[in-house]
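Structure first, then comments.
All of these numbers come straight from a predicted model, not from anything done at the bench. Residue numbers start from 1 in every chain, and the chains themselves are labelled A, B, ... in the order their sequence lines are given, proteins ahead of strands.
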Number of protein chains: 2
Amino acid sequence: MEAPEAVETIQREMTSFARRARASAGRLHPELSLVSYTLLGHLEESGGCRATDLAAHYALDKSTVSRQVGALERAALIERRQDPEDHRVQVLHLTDTGRRILAQVTDSRRTAFRERLAQWPQADLERFAEYLVRYNAWRGPAGSDPAPPAAP
Amino acid sequence: MEAPEAVETIQREMTSFARRARASAGRLHPELSLVSYTLLGHLEESGGCRATDLAAHYALDKSTVSRQVGALERAALIERRQDPEDHRVQVLHLTDTGRRILAQVTDSRRTAFRERLAQWPQADLERFAEYLVRYNAWRGPAGSDPAPPAAP
DNA sequence: CTAGCCTGGTTGCATAGTACAACTCAAGTG
DNA sequence: CACTTGAGTTGTACTATGCAACCAGGCTAG
């Protein structure tokens, strides 16, 4: 495969993936949207953070995050804690229920991925994982982000 | 990297990619959404097909496709041709404008990808492309599709 | 210390993209 | 000819999202 061709293929396949992800939105885990899932995941990883941090991290508008957070709170998956230092801030934390649901969803997704990747040689899995990390880690000149070459 | 860990990483990174693609939707090419873009792309590849084919191919509801097609037609990017054989059918074709716009968008996306992948060794590009193809080509037992672990 | 600015969040409003169901029109079948 | 099936359209509703306006708490310069 020539250099330009490989780039073309990567572009096409990543776009295809993004499109299918978009199209199948909401079908796998009715109880937890992709955005909600990633927000919960981030809260688990970070051990609690502010709505603003989530917005910045995922390039979402703060109003969007505000509403998502509101929904997650109503669903009792997260809770807000006043920051005694700064009363403007609400530090978000997973509730036990949130942790449980997140674990369930993660698990069923993992099962699906395992099935999909079952036939892959270990070495390929490792390289693929590494490439994806490298791809997603890229940070280009201010603002540019071809990762989402996607969705207009 | 251990086997389970590689699978975890792939899952996480693909999900992350899907989420960012979703979030950045509409920012890069205001004139053409991800869905519109892929629909146009499919029309170009296939050299014309029916709305129903698009719906089946992308797992979209026919009403959704109907509206998208309507928008694309209003934008003069595609045209409908009555099938003389079966009057129920409308075969969709790209217009010259559609081909031109599609080419422009494809080109600017390509540029973004090139930039992002510029530092990669050729061998890695080729393997990454191959892995993505293999991943996306997977077709599991009826209905399961972890690719879009995504978007609810 | 007060005025003005900055920051974290919420809310009103508008839009895109979807799905689902009911409907129309055409083609096939008995 | 009546029924059924396939392709598309339209009505309705919902979710996710962004932008702009706004509120309230904190910070900083006079």
I need the [atom1]-[atom2] distance between [X] and [N], as an integer number of Å.
{"X": "Tyr58(B)", "N": "dG17(C)", "atom1": "OH", "atom2": "C1'", "result": "16 Å"}
{"X": "Arg67(A)", "N": "dC19(D)", "atom1": "CZ", "atom2": "P", "result": "12 Å"}
{"X": "Asp61(A)", "N": "dA20(D)", "atom1": "CG", "atom2": "P", "result": "10 Å"}
{"X": "Gln90(B)", "N": "dT24(C)", "atom1": "CD", "atom2": "C1'", "result": "13 Å"}
{"X": "Lys62(A)", "N": "dA20(D)", "atom1": "NZ", "atom2": "C1'", "result": "10 Å"}
{"X": "Leu60(B)", "N": "dG17(C)", "atom1": "CG", "atom2": "C1'", "result": "9 Å"}
{"X": "Leu54(A)", "N": "dT10(C)", "atom1": "CG", "atom2": "P", "result": "12 Å"}
{"X": "Leu39(B)", "N": "dA16(C)", "atom1": "CG", "atom2": "C1'", "result": "14 Å"}

Categorize Ser63(A) for me: base, sugar-phosphate, or nothing, with a 4.0 angstrom heavy-atom threshold over every strand shown.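 Base contact.
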Just checking Arg50(B): base, sugar-phosphate only, or nothing, at a heavy-atom cut-off of under 4.0 Å?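 Sugar-phosphate, backbone atoms only, no base.
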Less than 6.0 angstrom from the centroid, inside 45 degrees of the normal: does Arg116(B) satisfy that with respect to the ring of Tyr135(A)? yes
Regarding Glu44(B) and Arg99(B), does a basic nitrogen lie under 4.0 Å from an acidic carboxylate oxygen? no
Should Arg127(A) and Asp124(B) count as an ion pair when the cut-off is N to O under 4.0 Å? no
Quick one: is [N] close enough that its OP1 or OP2 comes under 4.0 Å of any side-chain N or O from [X]?
{"X": "Gln82(A)", "N": "dG25(D)", "value": "no"}
{"X": "Gln68(B)", "N": "dA16(C)", "value": "no"}
{"X": "Thr64(B)", "N": "dA19(C)", "value": "yes"}
{"X": "Thr52(B)", "N": "dG8(D)", "value": "yes"}

Please report the closest heavy-atom contact between Leu43(A) and Leu92(A), naming both atoms and the distance.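 Where Leu43(A) meets Leu92(A) most closely, the heavy atoms are CD2-O, 3.7 Å.
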What pairs of nitrogen or oxygen atoms, one from the protein and one from nucleotides 26-28 of chain D, lie under 3.5 Å apart?
residue	atom	partner	partner atom	Å
dG26(D)	OP1	His87(A)	N	3.0

Take the angle between the ring planes of Tyr131(A) and Phe128(B) and call it parallel below 30°, perpendicular above 60°, tilted in between.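 Geometry flag for Phe128(B) against Tyr131(A): perpendicular rings.
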Donor-acceptor check, side chain of Ser46(A) to backbone of His42(A), threshold 3.5 angstrom: yes or no? yes
If only atom types and distance count, is the side chain of Thr95(B) paired as donor or acceptor with the main-chain N or O of Leu77(B) below 3.5 Å?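 Between the backbone of Leu77(B) and the side chain of Thr95(B) there is a qualifying donor-acceptor contact (under 3.5 Å).
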Check: dG8(D) base within 3.5 Å donor-acceptor of Arg80(B) side chain: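 There is none.
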